[in-house]
Amino acid sequence: MPKNNLPLWIFILPFIVFISCKKATPTDRAVDVTPPPVVTSNFAKGADVGWLTQMESSGRKFYNSSNTETECLQLLKSVGMNAIRLRVWVNPTGGWNGAADVVAKAVRAKNLGLKILIDFHYSDSWADPGQQTKPAAWSTLTLAGLQTSITQHTTAILTDLKNAGIKIGRAH
């Protein structure tokens, strides 16, 4: 591009941009933000409540927006939750998130018609991709021993839940 034509482009480019734009009308700015309806039979909207019984045992209380004490699972249901996630540990300190504790929370959820999702941690405490510690009782097992222990633990938990009338992942 020759130097003497540069000033002409400085004026032409903004003019092209200006005539390419149009003033927004009220219709252009109106956006429908109404979310589509949620199909509740297939959609889980929930929370991890594995800590619930431990918090309750230490005296924690839950309140609704009117400052009325409300049972936690009922409170979650009242704000639109339809599912809970329960983590299962193998031999947790204090029994929190162990078999009996998980079944007790699952029964409470079942009685409210909530879906129940079970998350096996195969640990004695919290486990995630960054922290995956074998249960103490399994620490010296061979691979075959671990496979057997995992199978027995999983089967026992699922059997306990089934015997309590719990249907995993389904509304009650």
Side-chain angles (χ1 to χ4, degrees), residues 33-172:
V33 293
T34 306
V38 174
V39 180
T40 57
S41 63
N42 295 324
F43 184 80
K45 181 179 179 185
D48 180 338
V49 296
W51 44 262
L52 178 59
T53 48
Q54 186 175 6
M55 290 182 75
E56 289 172 337
S57 76
S58 70
R60 301 286 172 131
K61 305 288 183 195
F62 301 90
Y63 298 88
N64 66 18
S65 61
S66 301
N67 205 28
T68 303
E69 186 177 331
T70 307
E71 191 275 331
C72 182
L73 297 180
Q74 181 60 53
L75 179 60
L76 292 173
K77 184 175 180 176
S78 74
V79 296
M81 299 291 181
N82 66 356
I84 63 160
R85 172 185 175 243
L86 298 173
R87 65 183 87 100
V88 181
W89 296 339
V90 176
N91 188 24
T93 303
W96 309 118
N97 299 309
D101 185 48
V102 167
V103 170
K105 288 180 279 200
V107 168
R108 288 171 61 180
K110 173 192 170 208
N111 292 339
L112 290 171
L114 298 171
K115 293 178 185 179
I116 300 160
L117 310 168
I118 300 295
D119 184 7
F120 287 92
H121 280 236
Y122 302 111
S123 178
D124 291 333
S125 63
W126 189 265
D128 61 37
Q131 176 184 330
Q132 193 70 43
T133 306
K134 284 189 273 187
W138 299 358
S139 64
T140 60
L141 296 178
T142 63
L143 179 58
L146 282 172
Q147 290 171 328
T148 299
S149 294
I150 289 169
T151 299
Q152 290 173 345
H153 172 70
T154 305
T155 301
I157 298 294
L158 293 175
T159 299
D160 289 348
L161 290 165
K162 181 180 178 183
N163 291 340
I166 307 301
K167 297 176 183 173
I168 304 303
R170 296 186 183 165
H172 291 273

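Owing to the predicted nature of the structure, the values given are computational and were not obtained by experimental measurement.
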If you round to the nearest 0.5 Å, how far is [atom2] of [Y] from [atom1] of [X]?
{"X": "Arg108", "Y": "Ile84", "atom1": "CZ", "atom2": "CD1", "value": "8.5 Å"}
{"X": "Ser58", "Y": "Trp51", "atom1": "OG", "atom2": "CH2", "value": "10.5 Å"}
{"X": "Leu114", "Y": "Met81", "atom1": "CG", "atom2": "CE", "value": "10.5 Å"}
{"X": "Lys167", "Y": "Lys162", "atom1": "NZ", "atom2": "NZ", "value": "11.0 Å"}
{"X": "His153", "Y": "Tyr122", "atom1": "NE2", "atom2": "OH", "value": "6.0 Å"}
{"X": "Asn97", "Y": "Asp124", "atom1": "CG", "atom2": "CG", "value": "11.5 Å"}

What pair of heavy atoms forms the shortest contact from [X] to [Y], and how long is it?
{"X": "Ala109", "Y": "Leu73", "result": "N-CD1, 3.8 Å"}
{"X": "Ala136", "Y": "Ser139", "result": "O-OG, 3.0 Å"}
{"X": "Ala106", "Y": "Ile116", "result": "O-CD1, 3.3 Å"}
{"X": "Pro92", "Y": "Gly98", "result": "CG-N, 3.5 Å"}
{"X": "His121", "Y": "Gln132", "result": "O-NE2, 3.3 Å"}

Passes side chain to side chain contact (heavy atoms under 4.5 Å, CB included), Leu141 versus Lys134? Steps please. CA-CA 10 Å; Leu141 296 178; Lys134 284 189 273 187; over 6 Å; no

Is there a side chain to side chain contact (heavy atoms under 4.5 Å, CB included) between Leu117 and Leu86? Walk through the geometry before answering. CA-CA 6 Å; Leu117 310 168; Leu86 298 173; over 6 Å; no

Set of residues satisfying side chain to side chain donor-acceptor pair (under 3.5 Å) with respect to Thr53, sequence neighbours excluded: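 For Thr53, the residues satisfying side chain to side chain donor-acceptor pair (under 3.5 Å) (neighbours in sequence not counted) are Asp101.
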
Mind checking what makes side chain to side chain donor-acceptor pair (under 3.5 Å) contact with Asp48, not counting sequence neighbours?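 Side chain to side chain donor-acceptor pair (under 3.5 Å) list for Asp48, sorted by chain: Arg85, Arg87.
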
Is the backbone N or O of [Y] less than 3.5 Å from a side-chain atom of [X], with the two atoms forming a donor-acceptor pair by type?
{"X": "Glu69", "Y": "Lys61", "result": "no"}
{"X": "Lys105", "Y": "Leu52", "result": "no"}
{"X": "Thr155", "Y": "Gln152", "result": "no"}

Would you please test Phe120 and Leu158 for side chain to side chain contact (heavy atoms under 4.5 Å, CB included) and show each step? CA-CA 10 Å; Phe120 287 92; Leu158 293 175; 4.1 Å; yes

Residues which pass side chain to side chain contact (heavy atoms under 4.5 Å, CB included) with Leu75, listed by chain and number, not counting sequence neighbours: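 Side chain to side chain contact (heavy atoms under 4.5 Å, CB included) list for Leu75, sorted by chain: Phe62, Asn64, Thr70, Ser78.
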
Within the 4.5 Å heavy-atom criterion, are Ile118 and Val88 side-chain neighbours or not?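 In short, these two side chains touch, coming nearer than 4.5 Å.
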
